[in-house]
Asker: 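One structure, pasted below without further comment.
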There are 2 protein chains.
Amino acid sequence: MDSVERQASAARVKQVASALEEEIVLGWLQPRERLIEEDIASRFEVKRHVVREAIAELERMGLVERVQNKGAAVRMLSPTEVGQIYSVREALETLAAQQIPLPPRPETISALTKIQGQHAAAVERGDSRAAFRANMAFHNALFGACGNPHLVEIIQSLAQKVHGARSYTAASPVHLARARDDHWAMIEALKASDREKLVQLCREHLSPSRDTYIASLEQRFGKAG
Amino acid sequence: MDSVERQASAARVKQVASALEEEIVLGWLQPRERLIEEDIASRFEVKRHVVREAIAELERMGLVERVQNKGAAVRMLSPTEVGQIYSVREALETLAAQQIPLPPRPETISALTKIQGQHAAAVERGDSRAAFRANMAFHNALFGACGNPHLVEIIQSLAQKVHGARSYTAASPVHLARARDDHWAMIEALKASDREKLVQLCREHLSPSRDTYIASLEQRFGKAG
DNA sequence: TTCGACGTTATTGTTGACAATCCTGATAAC
DNA sequence: GTTATCAGGATTGTCAACAATAACGTCGAA
């Protein structure tokens, strides 16, 4: 093991991609901001080649837009698009929630509880970066319990698509706290095998960030945006 | 215009990717068969670079599997996986069918009719390649009418995932004829604004290829497959 | 002063060569 | 006869230099 450098490049690509994803989600990279390949390469100490693939990945995820000979820029989602994506998310996450076997396996509960502990801690100390990660982990674990990995994969990819739209809420203490409470409530619903409650929670969990994003966008660019 | 060579590479990548997709779907490339980058490069008269990206695309679509330093091979889907994917497809295509505005716009009907004419013609003359293309176009046009491009995109990607599993049915005259009849029936349901019928048709349209694939697989490898 | 042509620079796209890795088959030892 | 070892070839992964392109600023003319 000669340290970090000897990783498979595929791993490095994912590493760079998710690092960039985080920066976009947390708002460190603003919409319309360009992603310069060489800059990123030197910043992460990888070859441009790797950055290229990472950006291609981000493009596939819909976080970034690319045009010939002009490079990539973080993508700006229109309110319409965000609304459409959320409506699909709602349908799919509802579907997944309905398929989670109740009562859940004990491991599911313990895993969720553990992750949510980390999430709550991150929210407590205002660490939006850690909160973001824990939040993703929570949803993966939750929907992962539905037993259909392909459904989970789609839910994940949809969540990633609107990650870019979340820079407005990802750092907001109010929203983070609300998400935390929602998560605990979901765990309770699972424990109680209360499917109706669980589905309802999942559905309503989505609204805040969608509404906040759309509202802030309309405020900035006018209702026509 | 200096001929085909002057295309943007992005376009060539997609071209190669969909050409390979076709070959996989039509069974010209068997499961487990390896995809040699240089071979493909020379076959399509593009650089290896382009092939690489195309294969990455196929990997993302789930048609192909890649391992470090060993390259890509067309992926073999287990019956379980196929079942899972189809169950998500069913949910999503049902959802989309429910969202198609009824009565549909005249353009929708005419577009579908035109595409289906091509499909029927292809089926008639046993041109499975053209039938495959027309089939894809039909479903895109149909679900595209639901008005949510993101939903359509997901439906498309799921269809692509099981394309590999379709090599068993894609060339079968019986299945092609059945698909053709289903399509005509869907158009009729649209014309009649019969939502219930439409949704039912979409749902049942999926079963044959799934069942055929699973059956053939279990026959080949035993129920344990 | 403003507009447009032009050259410069920053950035991306492409290429071929090289390095690393894995598979195959042959040879030799047990 | 079987297994272990090790070349040789085939294939993928990495790289750095080069070409192509678009953004930018400058200069000159109306």
Side-chain angles (χ1 to χ4, degrees), chain A residues 1-20 23-24 29-76, chain B residues 1-17 19-20 23-24 28-76:
Chain A
M1 292 289 170
D2 34 352
S3 91
V4 189
E5 309 160 37
R6 262 275 152 255
Q7 292 177 72
S9 75
R12 278 180 297 174
V13 169
K14 281 184 187 167
Q15 227 173 336
V16 173
S18 56
L20 289 175
E23 297 191 1
I24 293 174
L29 260 44
Q30 292 292 327
R32 293 299 186 134
E33 188 165 345
R34 289 185 58 194
L35 301 178
I36 311 295
E37 295 178 356
E38 278 183 75
D39 288 0
I40 298 170
S42 61
R43 207 145 62 77
F44 290 99
E45 294 180 345
V46 295
K47 300 298 168 186
R48 193 155 71 95
H49 185 255
V50 175
V51 176
R52 227 139 199 291
E53 286 186 47
I55 290 181
E57 189 78 20
L58 293 178
E59 187 189 15
R60 284 187 292 231
M61 297 182 3
L63 283 179
V64 135
E65 212 166 6
R66 243 185 168 171
V67 297
Q68 271 288 328
N69 297 319
K70 284 182 63 176
V74 359
R75 186 168 167 205
M76 185 73 153
Chain B
M1 289 282 177
D2 36 354
S3 91
V4 189
E5 309 159 37
R6 262 276 153 253
Q7 293 175 72
S9 74
R12 279 179 297 175
V13 169
K14 281 184 187 167
Q15 228 173 338
V16 173
L20 289 175
E23 297 191 2
I24 293 175
W28 303 25
L29 260 45
Q30 293 291 327
R32 291 299 188 134
E33 188 166 344
R34 288 186 57 195
L35 301 178
I36 311 295
E37 294 179 356
E38 277 184 66
D39 288 0
I40 298 170
S42 61
R43 207 146 62 78
F44 290 98
E45 295 180 345
V46 296
K47 299 297 169 186
R48 194 155 69 94
H49 185 256
V50 174
V51 176
R52 227 140 202 290
E53 286 186 47
I55 289 180
E57 189 77 20
L58 293 178
E59 185 189 17
R60 179 185 68 91
M61 298 183 358
L63 283 180
V64 134
E65 212 166 6
R66 243 186 168 170
V67 298
Q68 272 286 327
N69 297 320
K70 285 181 62 177
V74 359
R75 186 167 167 206
M76 185 73 153

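Sequence lines set the chain letters: A, B, ... in the order given, protein chains first and strands last, and positions in each chain run from 1.
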Asker: Starting at CD of A/Glu38 and ending at P of C/dT9, how long is that distance when rounded to a whole Å?
Answerer: 16 Å
Asker: Quickly work out the A/Asp39 CG to C/dT12 C1' distance and round it to whole Å.
Answerer: 13 Å
Asker: Once you round to the nearest 0.5 Å, how far does CE of B/Met61 lie from CG of B/Leu20?
Answerer: 9.5 Å
Asker: Round to the nearest Å and state the distance from A/Glu37 atom CD to D/dC15 atom P.
Answerer: 15 Å
Asker: Between B/Lys47 (NZ) and C/dA17 (C1'), how many Å, whole number?
Answerer: 13 Å
Asker: Between B/Arg34 and B/Val50, which is nearer to the 5' end of DNA chain C once each is assigned its nearest nucleotide?
Answerer: B/Val50
Asker: In whole angstrom, give the distance that lies between atom CZ of B/Arg66 and atom P of D/dT12.
Answerer: 9 Å
Asker: May I ask you to say what B/Arg48 touches in the nucleic acid, namely base, sugar-phosphate or nothing, with a heavy-atom cut-off under 4.0 Å?
Answerer: base
Asker: Applying a 4.0 Å non-hydrogen cut-off, can you work out what B/Ile55 is touching in the nucleic acid: base, sugar-phosphate, or nothing?
Answerer: nothing
Asker: In chain order, what residues pass the side chain to side chain donor-acceptor pair (under 3.5 Å) check against A/Glu37, with sequence neighbours excluded?
Answerer: A/Arg48, A/Arg52
Asker: Does A/Arg12 make a side-chain N or O approach to OP1 or OP2 of D/dT14 shorter than 4.0 Å?
Answerer: yes
Asker: Is the phosphate of C/dC23 approached by B/Lys70 (side-chain N or O, under 4.0 Å from OP1 or OP2)?
Answerer: yes
Asker: Roughly how many Å is it from CD in B/Glu53 to C1' in D/dT12, rounded to a whole number?
Answerer: 16 Å
Asker: B/His49 has an atom NE2; how far is it from atom P of C/dT14, in whole Å?
Answerer: 7 Å
Asker: For the CZ atom of B/Arg43 and the CD atom of B/Glu23, what is their distance to the nearest 0.5 Å?
Answerer: 4.5 Å
Asker: What is the separation between atom CD on B/Gln68 and atom P on C/dA19, rounded to the nearest whole Å?
Answerer: 19 Å
Asker: Main chain of B/Glu59, side chain of B/Arg75: is a donor-acceptor contact present, judged purely on distance under 3.5 Å?
Answerer: no
